[in-house]
Amino acid sequence: TLEGEDTLKVTKKVIGAPATEEFQFTLALTEGDASSVTGLDENNQITLSTDEMTGENAKTTDTVDFGQLAFSKVGDYVFTVTEDTKATVGGWTYDNDPKTITVEVTDEGFDGKLDVIVNGNNPTVINEYESKSVTTGTETLGNPQVTKVVEGSMATEEFQFTLALT
């Protein structure tokens, strides 16, 4: 049985800007005897979401714990973790590549007690925000020109201007 610190997990991390939504992940058994695993749904998977990446105290990293899984037979069990959430806001690059977690169930010592070795647990899935350049108009503007017009009397001093992008 995988429980406590040994449960299968995935960590979500956002870089460059706060998350605009929570993120959904699916853990699916892709190889191994599904009838020997309890804790999965009828499709041999579990779907859960992050719950701490938006709101007032939003975090940039959150770990999804897929909970307790029990194995009743010796064998290799391969799970794929995928982020189901797709980028919907410009500037974001989502990592939707599947991640693999392998559970090897053995009977070391042939004592009737199953032993478990997990490889690839808790992969990190990173979504990154990068602002894109903005182009205004269709012409190259060059250096902006500013003209000061003084009315009523002659200017007795030179004027300086600061142009700031806001």
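Numbering starts at 1 and runs along the sequence shown.
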When you compare the side chain of Phe79 with that of Leu40, does any pair of heavy atoms fall below 4.5 Å? yes
Given 3.5 Å as the limit, does a donor-acceptor pair link the side chain of Lys9 with the main chain of Thr7, or not? yes
Looking just at side-chain N and O atoms, do Glu3 and Thr1 make a donor-acceptor pair shorter than 3.5 Å? no
Starting at OG1 of Thr50, measure out to NZ of Lys59 and round the result to the nearest 0.5 Å. 11.0 Å
Is the shortest side-chain heavy-atom distance between Asp95 and Asn127 below 4.5 Å? yes
With a 3.5 Å distance limit and no angle check, can you tell me whether Asn96 reaches the backbone of Glu83 through a side-chain donor-acceptor pair? yes
Proximity of Phe25 and Phe66 rings by center, below 6.0 Å: no
Value for CG (Leu114) from CD (Glu104), rounded to nearest 0.5 Å, stands at 12.0 Å
Any side-chain heavy-atom pair from Leu69 and Tyr77 closer than 4.5 angstrom? no
Is it the case that more than 12 heavy atoms not belonging to Lys86 sit under 6.0 Å from its NZ atom? yes
Reported CD-to-OG distance for the pair Glu22 and Ser49, which is rounded to 0.5 angstrom: 7.5 Å
Regarding Asn119 and Thr102, is there a side-chain donor-to-acceptor distance under 3.5 Å anywhere? no
May I have the step-by-step check of side-chain contact (heavy atoms from CB on, under 4.5 Å) for Val125 and Val10, ending in yes or no? CA-CA 7 Å; Val125 177; Val10 63; 3.7 Å; yes
Hey, mind stepping through Asp115 and Val105 against side-chain contact (heavy atoms from CB on, under 4.5 Å) and telling me if it holds? CA-CA 6 Å; Asp115 303 289; Val105 180; over 6 Å; no
Distance-only, no hydrogens or angles: does the Thr26 side chain make a donor-acceptor pair with backbone N or O of Thr47 under 3.5 Å? no
Would a 4.5 Å heavy-atom cut-off, applied to side chains only, mark Asn122 and Thr63 as touching? yes
Could you check whether any side-chain heavy atom of Tyr129 comes within less than 4.5 Å of a side-chain heavy atom of Thr93, counting everything from C-beta outward? no
Which of these passes side-chain contact (heavy atoms from CB on, under 4.5 Å) with Val103: Asp76, Leu8, Ile117? Leu8
pair Ile15-Lys13: side-chain heavy atoms closer than 4.5 Å: yes
Do Ile46 and Asp41 have side chains that approach each other closer than 4.5 Å (heavy atoms only, starting at C-beta)? no
Look up atom CZ in Phe23 and atom CE in Met53, then write down how far apart they are to the nearest 0.5 Å. 5.5 Å
Is the shortest side-chain N to carboxylate O distance from Lys12 to Asp62 below 4.0 Å? no
Flag for Thr80-Thr100: side-chain donor and acceptor within less than 3.5 Å: no
Does the side chain of Glu128 reach to within under 4.5 Å of the side chain of Val14, using non-hydrogen atoms? no
